[in-house]
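Protein chains get the first letters and strands the later ones, always in sequence-line order, with residue 1 at the start of each. This one's a predicted model, so the numbers in the text were calculated from it and none came from an experiment.
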2 protein chains.
Amino acid sequence: MSHCHTLIQNLRQNGYRITPQREMIIESLAHQPGHQTAEQVFDQVKTRTRSVNIATIYRTLDLLVSQGLATRTSLCEGEVVYATRQHGPHIHLVCRQCGCLINADSGLMVGVSDQLQALYGFDADLQHISITGLCTACQHNSPQGG
Amino acid sequence: MSHCHTLIQNLRQNGYRITPQREMIIESLAHQPGHQTAEQVFDQVKTRTRSVNIATIYRTLDLLVSQGLATRTSLCEGEVVYATRQHGPHIHLVCRQCGCLINADSGLMVGVSDQLQALYGFDADLQHISITGLCTACQHNSPQGG
DNA sequence: CTCGTTATTGCGAATGGTCGCAATAATATT
DNA sequence: AATATTATTGCGACCATTCGCAATAACGAG
């Protein structure tokens, strides 16, 4: 069973209706190796059907995120991207000065994840997040580096 | 020297002009114990002067964040709030199902911060962030708890 | 297959936030 | 104090996203 079928089955089991729009949106996300913006998902779905509205794109992406089936990540310049859980786990390091992006290994967050579960009973989504801060270059250019 | 004067001096030293609007926005943030939305900052500044525009509020808040003098945090239901660095460090745990908020101690992130600096030369802002996931109650209500 | 229930959709309006640009004003220089 | 430079502002237009609601359609029952 392919990944998008898994996602669709998941929604069905949670009592959600599987509309053609939802299937196409899920397929668009599942078949993309990286992440994409809501606009990109919309553009891709529009090539398959005229009968889809941007509001439906946003609603469905929100549903997938709230069900833990996709992640929403803020990258540089406020760009918001979505990806399925199958998208390889990693951390986006976003410099708040120059806006550059650095990918980091999400294994760094294992300890934090365990502690959040132990101390607060919270199951954190830490496999695909973005962290802001200063890159090496900008630390040397700014008195706020500390 | 009060906190807002510190922030203002910081901007001046970094070559930014200190306009009356900026002073009032900084004072609004510095004098608030918690965090507030851009709209709340705007409402507060509007009680002092008519001569301020919402675009200026957003530009100034963005400047403070990019200079590391304030933090921007996404809470539940997409609400974005701002706070100065003096606002006590903590982590917001945001449940992506029910939207509840749990505050966690930011000390959990010390190890991660050190590793990001050591491995990637990245100075992460981890003292005041939000992490999404599932709270204890929602883990038991959802098959995606794992 | 038909039908009733109700979740979901498309749509235009609304909201939160950003952009381009002329006008304004902070600041440095004289 | 006057003046030039140029950063910053207010404004309306625009963009990304969400909202309310009537119409549509997925799904279960018979």
Side-chain angles (χ1 to χ4, degrees), chain A residues 7-26 28-29 35-46 48-67 69-82 96 99, chain B residues 7-26 28-29 35-46 48-67 69-82 96 99:
Chain A
L7 298 175
I8 291 169
Q9 275 309 101
N10 192 298
L11 282 182
R12 199 191 300 275
Q13 281 164 359
N14 281 322
Y16 294 98
R17 298 183 185 187
I18 308 303
T19 63
Q21 294 90 336
R22 285 181 171 173
E23 282 185 309
M24 287 185 277
I25 291 165
I26 289 169
S28 172
L29 267 196
H35 21 54
Q36 37 184 355
T37 64
E39 189 69 22
Q40 287 166 332
V41 174
F42 184 39
D43 287 341
Q44 201 178 97
V45 173
K46 272 196 307 188
R48 297 178 58 184
T49 179
R50 297 280 193 83
S51 185
V52 69
N53 190 270
I54 186 68
T56 301
I57 303 291
Y58 280 99
R59 283 195 210 101
T60 304
L61 291 174
D62 277 356
L63 173 62
L64 294 173
V65 170
S66 72
Q67 289 299 303
L69 303 178
T71 62
R72 172 196 286 116
T73 314
S74 291
L75 298 185
C76 59
E77 312 213 336
E79 182 175 86
V80 174
V81 294
Y82 299 82
R96 54 174 158 78
Chain B
L7 298 175
I8 290 169
Q9 277 306 102
N10 191 297
L11 282 180
R12 199 192 298 274
Q13 281 166 358
N14 281 322
Y16 295 97
R17 296 182 185 188
I18 307 304
T19 63
Q21 293 90 338
R22 285 180 171 174
E23 282 185 312
M24 288 185 276
I25 291 165
I26 290 169
S28 171
L29 267 195
H35 22 53
Q36 36 184 355
T37 65
E39 188 70 21
Q40 287 167 331
V41 174
F42 184 40
D43 287 342
Q44 201 178 95
V45 172
K46 272 196 305 185
R48 297 178 55 185
T49 180
R50 297 280 196 80
S51 185
V52 70
N53 189 270
I54 185 68
T56 300
I57 303 292
Y58 280 100
R59 284 197 211 98
T60 304
L61 291 175
D62 278 355
L63 172 63
L64 294 173
V65 169
S66 71
Q67 289 298 304
L69 303 177
T71 62
R72 172 196 284 114
T73 313
S74 291
L75 299 185
C76 58
E77 314 213 336
E79 182 175 86
V80 175
V81 294
Y82 298 81
R96 54 175 159 78

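- Using a 4.0 Å cut-off, some side-chain N or O of A:Asn53 falls inside it from OP1 or OP2 of C:dC11.
- As rounded to whole Å, 14 Å separates atom C1' of C:dT8 from atom CD1 of A:Ile26.
- Checking A:Glu39 against A:Ala55, the closest nucleotide of DNA chain D that is more toward the 5' end is the one next to A:Glu39.
- For A:Arg59 and D:dG20, a side-chain-to-base donor-acceptor distance below 3.5 Å is present, hydrogens and geometry of angles not being considered.
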Fill in the blank from the handout: With sugar-phosphate taken as primed atoms, P, OP1 and OP2 and all else as base, the protein-contact string of nucleotides 24-30 of chain C at under 4.0 Å (heavy atoms; B, S, -) is --BS---

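- A donor-acceptor pair under 3.5 Å links the side-chain atoms of B:Ser66 to the main chain of B:Leu63, judged by distance alone.
- Overall, the helix from C:dC1-D:dG30 to C:dT30-D:dA1 carries an axis bend of 30° between its ends, with five pairs at each end and the value rounded to 10°.
- A donor and an acceptor atom never sit less than 3.5 Å apart when one is taken from the side chain of B:Arg50 and the other from the base of D:dG10.
- Although no hydrogens or angles enter the test, the distance criterion places a donor-acceptor pair under 3.5 Å between the side chain of B:Gln40 and the main chain of B:Thr37.
- Among all heavy-atom pairs drawn from A:Val52 and A:Thr49, the shortest one is CG1-O, 4.1 Å.
- What you find for B:His35 and B:Leu75 is that their closest heavy atoms are CE1-CD1, 4.3 Å.
- Sorted pairs that involve residues 8-26 of chain B and meet salt bridge (charged side-chain N to carboxylate O under 4.0 Å, His left out), not counting sequence neighbours, are lacking altogether.
- Salt bridge A:Asp43/A:Lys46: present, at least one basic N to carboxylate O contact under 4.0 Å.
- When all heavy atoms of A:Asn53 and A:Phe42 are compared, the pair lying nearest together is C-CE1, 4.0 Å.
- If you check the side chains of B:Gln67 and B:Asn14, you find a donor sitting under 3.5 Å from an acceptor.
- When heavy atoms are screened at a 4.0 angstrom cut-off, B:Arg22 is found touching the sugar-phosphate backbone but no base atom.
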